[in-house]
Amino acid sequence: MPLRAGRKQTACSDQGLLPDSTASPQPTRNQPMYPLEDGSFAPRNQWYVAAWSQEIKRSPLERVILDNPVVLYRTTDGKVAALAAFCPHRGFPLAKGDVIADDIECPYHGLRFGPDGACTLIPSQDVIPAACRLRAYPVAERWQWVWIWVGDPDLADEALIPDHFEARLTDPAYRNAGGNYFEVPGRYVLLHDNLLDLNHVPYLHKATFGGDGGGAVQIPEVVAKETTISCTFTQPAIDCPPFLSALFGYSGPVSRTYVSYFYAPCLHVIVDSISRLDPATGVTEQLGDLLHIHAVTPATATTAHYFQGEGQNFSHTEPCLSEAFRSSEMVRAALEEDVSATRFIEQSIAMNRGRLSEILLKADKAAVLGRRMLQALIDAEAPATR
Amino acid sequence: MPLRAGRKQTACSDQGLLPDSTASPQPTRNQPMYPLEDGSFAPRNQWYVAAWSQEIKRSPLERVILDNPVVLYRTTDGKVAALAAFCPHRGFPLAKGDVIADDIECPYHGLRFGPDGACTLIPSQDVIPAACRLRAYPVAERWQWVWIWVGDPDLADEALIPDHFEARLTDPAYRNAGGNYFEVPGRYVLLHDNLLDLNHVPYLHKATFGGDGGGAVQIPEVVAKETTISCTFTQPAIDCPPFLSALFGYSGPVSRTYVSYFYAPCLHVIVDSISRLDPATGVTEQLGDLLHIHAVTPATATTAHYFQGEGQNFSHTEPCLSEAFRSSEMVRAALEEDVSATRFIEQSIAMNRGRLSEILLKADKAAVLGRRMLQALIDAEAPATR
Amino acid sequence: MPLRAGRKQTACSDQGLLPDSTASPQPTRNQPMYPLEDGSFAPRNQWYVAAWSQEIKRSPLERVILDNPVVLYRTTDGKVAALAAFCPHRGFPLAKGDVIADDIECPYHGLRFGPDGACTLIPSQDVIPAACRLRAYPVAERWQWVWIWVGDPDLADEALIPDHFEARLTDPAYRNAGGNYFEVPGRYVLLHDNLLDLNHVPYLHKATFGGDGGGAVQIPEVVAKETTISCTFTQPAIDCPPFLSALFGYSGPVSRTYVSYFYAPCLHVIVDSISRLDPATGVTEQLGDLLHIHAVTPATATTAHYFQGEGQNFSHTEPCLSEAFRSSEMVRAALEEDVSATRFIEQSIAMNRGRLSEILLKADKAAVLGRRMLQALIDAEAPATR
Ligand code: FES
Ligand code: FES
Ligand code: FES
């Protein structure tokens, strides 16, 4: 199942991509992989999800995006303002302040700043020095998300945001529910690794949907383009897992296909298609697609933001099944398992002080391609002479 | 209102002092200001407040003063002993030990040390090596404070302690109540900045006395001498703020004048004079002075001790109004606001890893002069060849 | 009282060993001592206690031994497996996983490893790369202890484990009870210092057995061999301390002799011999020996594992007196005092950033010899050219 967009795709060859893990015994471990190449962090001239739309209100929110502390709030006309988080006067954190009309007021000495970052009031003097202003970050609301650009503002082209219709997020055939958010104490690449190798589901999620028949171990079919990767795998004949039975009102044999799409460097959408199966004839009848929606945004070198939602292309009746599923205890618990895995591995990296190496398996192909994509995006930004 | 002491004062000229913030737009921010010059910390050959007298009892107290861990206790005759806080034998912290007669006993192997730092007992041997001693720090009790000198002991001249009568602390016309203490998770300079720019009152203290008419935004008149700064500003006609009405038993129009005195590097006394005002004639009649008393002592490079008290020159009847005011919920809450501001800015500095810069406003004149005074005191101590 | 083993012993001369602390006043303090020589940590080609036997069960336990994170569990035949603690695939901590038959399963993607460290299962592929394995550490169970070797595996000779019969641990004349364990937030050398100078007992343990007549201040007789140290001291005539009266069912005059044996770099056994004393005639009659058993294992450069037990060579009736004593509130509280002392001194070292120096007393002779033994073991391992 190719990416929906029409652009030409070339299947990525295995050759030279991965160490041949089926070859004869190797004397040494593979080279360290984290964090990417030494000194690399994340591509900066990219859009990232900063927040759920519903998180941004009149009262300000502070969030660190690629090492940039940002304060976010809504102006009177409902637009999102994203400003550098510290007052240029004495460095007071503006998120502690009030929003007054369209401006944010610093709680220390009352300076005010508009959504463009310009200082609009200094209580103790009439003249406002030109240098007294905040950096304003480009933002764009798409679907239920606030996207932000912390790189070179001249390059902030909204056309670079992944196509939300193509990704099924704004396709009216789908009904999608966002809202899960986690502050993750681990580097963002670990979350991409996790999302690009679903072989973890039956193990890491044993206690949640992995133990409920919700996963399979398979080497997926991986298709890579310049900045996207799709992974496909199929369970041709399984008993409908209980949590799906509850959604579809059907129990019995099903055929299930996952296709996971990664839009580097931030977005993952997994299309989880279920069909009723007549085992006698092999005839299938589509029950519907679930969408598992994820966005991963680097915060600092060793922390990340994780946004997650659920969607469906069936049963648009009330109440919304996807919203119930997204906010269910099982989904929340499964996401906590992923967050914990990330924390544990980050702790292992710290404990091994850069000496942690990795064995790469066949199943890691998509994760390795994902890292290479991130590294290529980083390298493309770096000065040619470095 | 000049400083009380008779020494000749010269008004500090603005010229060359501050960047001209009214000038035409500047392309860049000002240079980073914290912590003072790079590598600077605090002047060492100075007296600092180590504790309230009432804090030092027979049982020992450990406090870090300019990076010196010090243990403080009272001898049998009530004098304050201030010794290096770690046993010279194995480094055990002496503040965990008992005071026996005039000596402090190390809880590990029982070595004892007198208030002069000399070892007086080694349980396991008769001869006491000369090197087995603690550094003893000069101390002096003044008013309700224990002052300490952690610099070169040969320079510890008590005449260098600010004149407590001049500062109104021991002037019998005043009745003063100390006792507020805060461990501040931020560098000491931030507290001096705070105390040298009262324009923060209506904003930072909005929820306490700042919202009660207790502050005004003004550019004060600043007068600097070699190691003192005074700042004056006046509210010629305001309604008596409620918390002052309660103290004076008067509500109606008042004229109010603040004069804040900074005795570098530790002490601030703010004289807050209130006069009843006849708005028709402009005639005023003195109701009294409040004193707002502050001492700031560096602990480590990024932490400080903050001592605060209140005083008055009226109504010496019981119970003491200043003591009630000092220990009131409003004053405590306002001080917590200052401590929080300091913590927040320290966190901003840490988060920006030295890249935090500042915009200097006209109202920052006294704070900038204060920093320069501290820097000059530090520079005067440094080797000429550095 | 010499070491029990027959090897020739030479009493260690004082000459040149310690600074002469009885000499005339010295102008400076002694040189810093921690951590041993600058950059030294611990001898690696040595056996260390990793755990109490009873701590290692089927479910895995993670413990850091000389900076090696190790996961320990028992196989189906009851043997102890000790493996590197992080999965070679993505670094997930294996102690979070399950033990299945003789293998440990990684909770992330289900890889399994046998007790020899070999990977036995990769769910997503059939071929197991040779590099996909864990380091397995040699272990040996002796008495109630699991000993581990984290150094060069080719040198892991079990004959190097201290002789447990000689040390009285497996001598049938003794009935010994282990089981106390502490994670100590301080470097391991501090615990050896503590155990090699029992002059701390009347002070540090004032609130426990030290205040119960359980200690004395004396310069012990110190006998050092290549890797062992014994310290002897005697209380020829004391009243039986209450906690001993309770054990022996006797109160009255006793003669008491301590001999503490240090088997570098891990084990201490203190033989505490009590005899009934007729003060009129000076005739003594042996009541029995208590054993105070200690093992100290470096975890990281600034943390350690501390294992403690108690034993006796009298009254082998039920219930076991030594077990009751070992698990008594008094013994546990006294050990907490030692752990706290270690934590306090580690904090002092950190606070003094390497500037903490020490005064060496006559009573420190054994501790200094102990440190020199550790340093010599470390130096013997280092490359000759360093
Ligand atoms: S720090 Fe923001 S107004 Fe002063
Ligand atoms: S550490 Fe203070 S007496 Fe030994
Ligand atoms: S991290 Fe252990 S199996 Fe993948």
Side-chain angles (χ1 to χ4, degrees), chain A residues 41 59-60 62-71 83-100 103-113 116-135 150 183 298-303, chain B residues 18-34 186 189-190 193-194 197-207 210 215-220 233 337-338 340-365 367:
Chain A
F41 172 29
S59 69
E62 186 179 306
R63 196 155 273 174
V64 176
I65 309 290
L66 281 84
D67 271 340
N68 290 254
V70 177
V71 61
L83 301 173
F86 301 113
C87 180
H89 177 224
R90 280 289 172 279
F92 201 96
L94 293 168
K96 312 282 178 191
D98 293 322
V99 170
I100 294 166
D103 296 352
I104 189 161
E105 182 185 83
C106 177
Y108 202 176
H109 309 94
L111 269 63
R112 291 190 194 170
F113 302 90
D116 62 351
C119 180
T120 56
L121 178 73
I122 302 179
S124 60
Q125 68 188 50
D126 292 331
V127 177
I128 294 172
C132 188
R133 58 179 304 131
L134 295 168
R135 181 170 174 192
V150 298
E183 247 187 291
T300 68
T302 56
T303 61
Chain B
L18 294 176
D20 183 359
S21 56
T22 63
S24 53
Q26 295 164 12
T28 57
R29 292 218 180 153
N30 295 303
Q31 75 288 358
M33 286 294 300
Y34 298 118
V189 181
L190 299 174
D193 286 352
N194 175 289
D197 179 7
L198 297 181
N199 278 318
H200 73 269
V201 172
Y203 294 96
L204 187 64
H205 301 309
K206 201 183 282 185
V217 172
Q218 274 189 22
I219 306 293
F233 70 81
E337 289 164 343
D338 292 310
S340 293
T342 306
R343 183 175 72 243
F344 291 147
I345 295 181
E346 190 64 46
Q347 289 170 346
S348 297
I349 294 172
M351 210 162 181
N352 286 278
R353 292 178 219 125
R355 285 173 292 144
L356 194 72
S357 61
E358 296 179 315
I359 293 290
L360 297 178
L361 306 176
K362 284 170 181 291
D364 292 319
K365 183 175 162 182

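From a predicted model like this one, the values you see are computed outputs, not experimental measurements. Every chain is numbered from 1 and lettered A, B, ... according to where its sequence line falls, protein lines coming before strand lines.
- Residue B:E358 holds its CD atom at 10.0 Å from SG of A:C87, rounded to the nearest 0.5 Å.
- Among the candidates B:A341, B:A363, B:S340, the residue making the largest number of heavy-atom pairs closer than 4.5 Å to chain A is B:A341.
- Using a 4.5 Å cut-off between heavy atoms, A:P107 contacts chain B through its backbone alone, with no side-chain atom that close.
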Legend entry - Trace of the side-chain contact (heavy atoms from CB on, under 4.5 Å) decision for B:L361 with A:L111: CA-CA 11 Å; B:L361 306 176; A:L111 269 63; 3.9 Å; yes
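- Between B:K362 and A:Q125, the closest heavy-atom pair is N-OE1, 3.0 Å.
- Around atom CD of A:E183, no more than 12 heavy atoms belonging to other residues, nucleotides or ligands sit under 6.0 Å away.
- Aromatic rings from B:Y203 and A:H109 are positioned such that their centres are separated by 6.0 Å or more.
- Salt-bridge check for B:D197 with A:R90: failed, with every basic side-chain N at 4.0 Å or more from each acidic carboxylate O.
- Looking at every heavy atom in both residues, B:I219 comes nearest to A:S124 through CD1-O, 3.3 Å.
- For chain B, no part of A:D126 is nearby; none of its heavy atoms comes within less than 4.5 Å.
- Expressed to the nearest 0.5 Å, how far OG1 of B:T342 lies from CZ of A:F92 amounts to 9.0 Å.
- Residue A:I122 holds its CD1 atom at 8.5 Å from CD1 of B:I359, rounded to the nearest 0.5 Å.
- Only the side chain of A:D98 comes within contact range of chain B, with at least one heavy atom under 4.5 Å from a heavy atom of that chain.
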Inset, instruction - Please step through side-chain contact (heavy atoms from CB on, under 4.5 Å) for the pair A:F86 and B:I345, ending with a clear verdict. - result: CA-CA 9 Å; A:F86 301 113; B:I345 295 181; over 6 Å; no
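- Using a distance-only test at 3.5 Å, with no hydrogens or angles considered, a donor-acceptor pair links the side chain of B:S348 to the main chain of A:G91.
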